[in-house]
Student: 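My questions all concern the structure below.
Note that the structure is predicted; figures quoted are calculated from it, not measured.
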Amino acid sequence: MVHFLHPGLSPRTIVPPNAQKDVLGCGVVQEEASPYSLVNICLNVLVANLEKLCSERSDGTLCLPEHWSFPQELADQFVGVMTWQGKLTDRTASIFRGNQMKLKLVNIQKAKISTAAFIKAFCHHKLIELDATAVHTDLSIPDILSGLCSNSWIQQNLRCLLLDSTSIPQDSRLLFFGQLTGLRILSVFSVCFHSEDLANVSQLPRLESLDISNTLVTNISALLTCKDRLRSLTMHYLKCLTMTKPQILAVIRELKCLLHLDISDHRQFKSDLAFHLLQQKDILPNIVSLDISGGSCITDEAVELFIQQRPAMQFVGLLATDAGYSEFFSTTQDLRVAGGANMSQISEALSRYRNRSCFMKEALYRLFTETFSMQVAMPAILKLVAIGMRNHPLDLPVQFTASACTLNLTRQDLARGMPVRLLSEVTCLLFKALKNFPHYQQLQKNCLLSLTNSRILVDVPFDRFDAAKFVMRWLCKHENPKMQTMAVSITSILALQLSPEQTAQLKEELFMAVKELLAIVKQKTTENLDDVTFLFTLKALWNLTDESPAACKHFIENQGLAIFIQVLETFSESTIQRKVLGLLNNIAEVRELSSKLMTEDVVKHVSSLLHSKELEVSYLAAGIIAHLTSDKQPWISHDLQRRALLQDLYTTIQNWPSSSCKMTALVTYRSFKAFFPLLGNVSQPEVQLWALWAMYHVCSKNPSKYCKMLVEEGGLQLLWDIQKHSEADPQAQHVAASLLGDFRMHFMNYQRLPLC
């Protein structure tokens, strides 16, 4: 929900200094780290299910159930949530027709609704504040004014109207604000607003706060009409002014009631208006807040003298100037400074200028240099960076500099001090920037670097499917070795976080990634180099092929078996053997591909590794043999070899320690479904025994995950069948009984009926 300022304060930048403490202090941190409010959750559910909950009118618009009624504050928040999520359209805005909702504070920022929908939905309510910032061109300012003025109550009582960046048709003439006699706050930032419109607005009897920044006003003399009531004037980047400096200052001198004045400008235009203003002694006697950021020829001495002559001042904007660096600005009590001299000033600038890209990029640049060796987590600052990114999605300098600041603020240890929700927001904004600027390499590098953060990659919610596509594409660009290593390591982790369905949807990215990863493995093997990139690459291939027939097929088609045999013949380290055998297990689980493993080289190496002293290696080799031998058909001409493998498998399992042994959690499963054909094969107890040993092992390590999985996938029935089957192997029956008995309570937690 938008927060409207108190009458008399500029809707852009003049929040009293103390009012912004929560933006920079612990308030933001507590909010980001706290659960969403119940109201927020309920409104989000309503918005998500609006189509289901509402009926449809004959014109195709939605209508709330007749008996529904919303309190005013809740109704205002409902509009705000719909607007924030981009769900406010002609079809959905219709729910605000009639009297079921009582609206007062309406936020329709950037909404795409027509004039007719706006009038029908909102103009019969008793509105006192409306934020129509940057609404779609289908709804122009003349149409908004016409709709508002159709309600006599709104004419007299509307207090705040924000129309920033809202369109005006080319053939439109004077904007008629005159009927809105209750208006106190008006903002027309970046609007085709002329001097004639200013003359019209200046006659409003209650006007106290006006923002005419970046408009087409050439002469501000009309402000003299409201000199006795205007308390806040913002005219940032008033580029079309034709008045001389003395003429402008003469008008400002008459505005004796002003508490806030903003005459900031873009630095490159080298405006010296602020310089001349600071020389005046008999001007702005009651000023509390003065913004002269971007002004030229401004010195510490001049600003200090001006403030000392006006002791009530609480804020001064000095970003992109040569001032703000003296001790005076750090030691003067109750004075806030938006500048670039230190972290406090930069924080203030990020907060004040969140809607001005020219100052946002300047503040972000200063922040980047200030945080290059940051040692303390600063969630409030990261939140301000996120706001800047969200407000300027198509501004490349803002997005790029913000991405660099994000890296500084979320380095490994610093990220642990950040709320997960905030990290999620920033990560999603980084990916949005990637989509808006797909060819900007350095921005992509920054995003890739952010994903190397284990806290973000493991704990933070974000679109991992999009992330995987991005990282896999990057992987295939043949970047420098350091970036390649990062891309490979991220791929290895993201691969485990994708569902099998998502992995299948990757298609081209998956094919290219498998091909590139195999090329890396081949190169490293040829060079006899088992470095960190090599290990990450093996892990990435293992994880990518997990329950992914498509990835397994790509592996086979790109000569993966020959490459992996070369790996086994080159390296004898168990860590490498585990990764190779893990991938071969994944292929063995795919029935239509498992026969590809029945080559002399594969069977020879797997049979040998079955007898490894490393339990993890032996276990994985046993898994491959179990899957390969479970189907008799491919072994018709090699039955003796198959029988020898099965006997070797059975003997090896008998020599293993208990299935609850301390084998590390290197072996994890997404599903037990690949085990079920093995469990049902009573005629092959060797195969059955391996599957039972594996299931008992993982259940003992993580019962909450695997006992639930076993129940939900229907595996308990198979265990009961083994236990009762008259021809089942006694050893297999013993393990099945142990599974059912030792984890009985866990199983009962996940099923309604008691265990037999």
Student: Taking only Lys NZ, Arg NE, NH1 and NH2, and the carboxylate oxygens of Asp or Glu, determine whether Arg97 and Asp59 approach each other closer than 4.0 Å.
Tutor: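 Yes, this pair counts.
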Student: Please examine the side chains of Pro142 and Leu175, heavy atoms only from C-beta on, and report whether any two atoms are closer than 4.5 Å.
Tutor: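 The answer is yes; the side chains approach within 4.5 Å.
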Student: Can you see which heavy atom on Ala349 is nearest to which on Leu319, and at what distance?
Tutor: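 Where Ala349 meets Leu319 most closely, the heavy atoms are CB-CD2, 4.1 Å.
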Student: Which heavy atom of Leu127 sits nearest a heavy atom of Trp153, and at what distance?
Tutor: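 In terms of heavy atoms, the two residues are closest at O-CZ3, 3.4 Å.
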Student: Is the number of heavy atoms from other residues, nucleotides or ligands under 6.0 Å of His439 NE2 greater than 12?
Tutor: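 Count not over threshold, so no.
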Student: Are the side chains of Leu148 and Phe118 in contact, using a 4.5 Å heavy-atom criterion?
Tutor: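 When only atoms from C-beta onward are counted, Leu148 and Phe118 do touch, with a gap below 4.5 Å.
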Student: Going by the rule salt bridge (charged side-chain N to carboxylate O under 4.0 Å, His left out), which residues pair with Glu509 if we only count those two or more places apart in sequence or in a different chain?
Tutor: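 Glu509: salt bridge (charged side-chain N to carboxylate O under 4.0 Å, His left out) contacts with Arg473.
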Student: Does the side chain of Glu348 reach to within under 4.5 Å of the side chain of Phe315, using non-hydrogen atoms?
Tutor: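 Heavy-atom side-chain distance check passes, below 4.5 Å.
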Student: Looking at Met486, is its backbone amide N or carbonyl O close enough to the side chain of Ser489 to form a donor-acceptor pair, meaning the two atoms are under 3.5 Å apart?
Tutor: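 Looks like yes, one N/O pair under 3.5 Å.
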Student: Is the ring centre of His236 less than 6.0 Å from the ring centre of Phe359?
Tutor: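 When the ring centroids of His236 and Phe359 are compared, they turn out to be within the sub-6.0 Å range.
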Student: Distance from Asp131 atom CG to Thr83 atom OG1, nearest 0.5 Å?
Tutor: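 Atom-to-atom, Asp131:CG and Thr83:OG1 are 9.0 Å apart.
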Student: Could you walk me through whether Leu350 and Ile346 pass side chain to side chain contact (heavy atoms under 4.5 Å, CB included), step by step?
Tutor: CA-CA 6 Å; Leu350 288 169; Ile346 295 168; 4.1 Å; yes
Student: Check whether the side chains of Ser114 and Asp90 place a donor and an acceptor atom closer than 3.5 Å, and report yes or no.
Tutor: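 Yes, side-chain donor-acceptor contact under 3.5 Å.
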Student: Quick one, Leu367 and Met343 - any side-chain contact, counting heavy atoms below 4.5 Å?
Tutor: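 Yes, at least one pair of side-chain atoms sits under 4.5 Å.
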Student: Can you measure from CG (Asn151) to CZ (Phe122) and round to the nearest 0.5 angstrom?
Tutor: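 Here the rounded value is 14.0 Å.
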Student: Would Arg670 and Asp546 count as a salt bridge (Lys or Arg N to Asp or Glu O under 4.0 Å) if you check the C-alpha gap in whole Å, the side-chain angles of each, and the deciding distance to 0.1 Å?
Tutor: CA-CA 8 Å; Arg670 302 186 200 222; Asp546 184 26; 2.9 Å; yes
Student: Is the backbone N or O of Cys149 less than 3.5 Å from a side-chain atom of Gln155, with the two atoms forming a donor-acceptor pair by type?
Tutor: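 Yes, the answer is positive, given that a donor and an acceptor are paired below the 3.5 Å cut-off.
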Student: For Ser140, what residues pass the side-chain hydrogen bond (donor to acceptor under 3.5 Å, both in side chains) criterion, not counting sequence neighbours?
Tutor: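 So Ser140 forms a side-chain hydrogen bond (donor to acceptor under 3.5 Å, both in side chains) with Asp143.
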Student: Do the charged groups of Arg352 and Asp291 touch, with an N to O distance under 4.0 Å?
Tutor: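 Looking at Arg352 and Asp291, the cut-off is not met.
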Student: What's the verdict on side chain to side chain contact (heavy atoms under 4.5 Å, CB included) for Val426 and Leu409, showing C-alpha distance, side-chain angles and the deciding distance?
Tutor: CA-CA 11 Å; Val426 171; Leu409 292 165; over 6 Å; no
Student: For the backbone of Pro393 and the side chain of Asn436, can you confirm whether one donor and one acceptor N or O come within less than 3.5 Å of each other?
Tutor: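 It does hold such a pair.
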Student: Testing the 3.5 Å rule here: is there a donor-acceptor pair between the side chains of Asn40 and Gln77?
Tutor: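 No, Gln77 and Asn40 have no side-chain donor paired with an acceptor closer than 3.5 Å.
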Student: Considering all heavy atoms of both residues, which atom of Asp76 and which atom of Lys102 are nearest to each other, and what is their separation?
Tutor: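 Asp76 and Lys102 have their closest heavy atoms at OD1-O, 4.3 Å.
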Student: Using only atom types and a distance under 3.5 Å, with no angle test, would you say the side chain of Arg57 pairs donor to acceptor with the backbone of Leu62?
Tutor: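 At least one qualifying donor-acceptor pair exists.
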Student: Does any part of the side chain of Asp466, heavy atoms only, come nearer than 4.5 Å to the side chain of Lys435, both counted from C-beta?
Tutor: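 Counting from C-beta outward, Lys435 and Asp466 do come under 4.5 Å.
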Student: Tell me, yes or no, whether the heavy-atom count around Lys126 atom NZ, taken from other residues, nucleotides or ligands under 6.0 Å, exceeds 12.
Tutor: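 Open: at most 12 neighbouring heavy atoms sit under 6.0 Å from NZ of Lys126.
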Student: Can Asp395 and Gln399 be counted as having a side-chain donor-acceptor contact under 3.5 angstrom?
Tutor: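 There is no such pair between these side chains.
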Student: Measure the spacing between CG of Leu494 and CG of Leu451 and express it to the nearest 0.5 Å.
Tutor: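 It comes to 6.5 Å.
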Student: Ignoring hydrogens and angles, state whether a donor on the side chain of Ser289 or Arg336 is under 3.5 Å from an acceptor on the partner side chain.
Tutor: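 No - no donor-acceptor pair under 3.5 Å links their side chains.
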Student: Do side-chain atoms of Glu208 reach the backbone of Arg231 as a donor and acceptor pair under 3.5 angstrom?
Tutor: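 The answer is no, because no donor-acceptor pair under 3.5 Å joins these two groups.
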Student: Looking only at side-chain N and O atoms, does Tyr237 offer a donor or acceptor that is under 3.5 Å from a partner on Asp262?
Tutor: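 The answer is no; no qualifying pair exists.
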Student: CD1 of Ile387 to CG of Leu382: how many Å apart, nearest 0.5 Å?
Tutor: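 Nearest 0.5 Å value for the CD1-CG distance: 10.0 Å.
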Student: Can any side-chain N or O of Arg455 pair as donor or acceptor with the backbone N or O of Met418 at less than 3.5 Å?
Tutor: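 Between the backbone of Met418 and the side chain of Arg455 there is a qualifying donor-acceptor contact (under 3.5 Å).
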Student: What closest approach, in Å, do Leu180 and Leu204 show between heavy atoms, and which atom pair accounts for it?
Tutor: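 Closest approach of Leu180 to Leu204: O-CD2, 3.4 Å.
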Student: Is it true that Glu73 and Lys104 have a side-chain N and a carboxylate O under 4.0 angstrom from each other?
Tutor: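 Not counted as a salt bridge, because no side-chain N and carboxylate O are separated by less than 4.0 Å.
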Student: So which atom in Ser548 and which in Leu544 form the shortest heavy-atom distance, rounded to 0.1 Å?
Tutor: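 What the structure gives for the nearest pair is CB-O, 3.3 Å.
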Student: Between Thr89 and Thr92, is there a side-chain donor-acceptor contact under 3.5 Å, judged purely by atom types and distance?
Tutor: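 On atom types as modelled, these side chains qualify, holding a pair under 3.5 Å.
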Student: Can you find a side-chain donor-acceptor pair between Thr410 and Asn453 that sits under 3.5 Å?
Tutor: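 There is no such pair (donor and acceptor under 3.5 Å, judged by atom type) between the side chains of Thr410 and Asn453.
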Student: I'd like to know if the side chain of Gln502 and the backbone of Ser499 have a donor-acceptor N/O pair within less than 3.5 Å.
Tutor: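 Yes, the answer is positive, given that a donor and an acceptor are paired below the 3.5 Å cut-off.
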Student: Counting N and O atoms only, with roles assigned by atom type, does the side chain of Arg464 sit under 3.5 Å from a partner on the main chain of Leu498, one being a donor and the other an acceptor?
Tutor: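 No, the answer is negative, given that no donor and acceptor are paired below the 3.5 Å cut-off.
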Student: Phe462 vs Phe431 aromatic rings, parallel, tilted or perpendicular, using cut-offs 30° and 60°?
Tutor: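 If you compare the ring of Phe462 with that of Phe431, the planes turn out parallel.
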Student: Between Gln497 and Leu457 (side chain of the first, backbone of the second, donor and acceptor by atom type, cut-off under 3.5 Å), is there such a pair?
Tutor: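 Here the side-chain-to-backbone pair exists.
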Student: Got a second to check how far Lys383's NZ is from Arg421's CZ, nearest 0.5 Å?
Tutor: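 Between Lys383 NZ and Arg421 CZ, I get 8.5 Å after rounding to 0.5 Å.
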Student: Does Arg366 make a cation-pi contact with Phe368, if we ask for NZ or CZ under 6.0 Å from the ring centre and within 45° of the axis?
Tutor: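 Output no; distance or angle outside limits.
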Student: Determine whether Phe78 and Ile95 satisfy the following criterion, side chain to side chain contact (heavy atoms under 4.5 Å, CB included), listing intermediate values before the conclusion.
Tutor: CA-CA 11 Å; Phe78 196 14; Ile95 66 173; 3.7 Å; yes
Student: List the steps, then state whether side-chain hydrogen bond (donor to acceptor under 3.5 Å, both in side chains) holds for Asn408 with Thr371.
Tutor: CA-CA 6 Å; Asn408 284 353; Thr371 57; 3.2 Å; yes
Student: If you define the side chain from C-beta out and look only at heavy atoms, does anything of Leu161 sit under 4.5 Å from Phe177?
Tutor: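 In short, these two side chains touch, coming nearer than 4.5 Å.
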Student: Answer with yes or no whether the side chains of Gln444 and Lys477 bring together a donor and an acceptor at under 3.5 Å.
Tutor: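 Short answer, yes.
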Student: Short question: side chain of Ser172, backbone of Ile168 - any donor-acceptor pair under 3.5 Å?
Tutor: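 No: the side chain of Ser172 does not pair with the backbone of Ile168.
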Student: So, do Val135 and Ile144 sit near enough that their side-chain heavy atoms are less than 4.5 Å apart?
Tutor: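 Side chain of Val135 against side chain of Ile144, heavy atoms only: contact under 4.5 Å found.
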Student: Will you find, in the side chains of Lys239 and Asn214, an N or O donor that is under 3.5 Å from an N or O acceptor?
Tutor: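 Result is yes, a qualifying pair exists.
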Student: Begin from the C-alpha positions of Leu105 and Ile128 and carry the test side chain to side chain contact (heavy atoms under 4.5 Å, CB included) through to its verdict.
Tutor: CA-CA 6 Å; Leu105 317 175; Ile128 59 173; 3.5 Å; yes
Student: Which value, rounded to the nearest 0.5 Å, describes the distance between Phe437 atom CZ and Phe400 atom CZ?
Tutor: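 Between atom CZ of Phe437 and atom CZ of Phe400 there are 12.0 Å.
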Student: With heavy-atom distances below 4.5 Å as the criterion, would you say the side chains of Glu129 and Asn107 are in contact?
Tutor: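 Heavy-atom side-chain distance check fails, nothing below 4.5 Å.
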Student: Do you know the tightest heavy-atom contact between Asn44 and Val81?
Tutor: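 So the minimum-distance heavy-atom pair works out to OD1-CG1, 3.6 Å.
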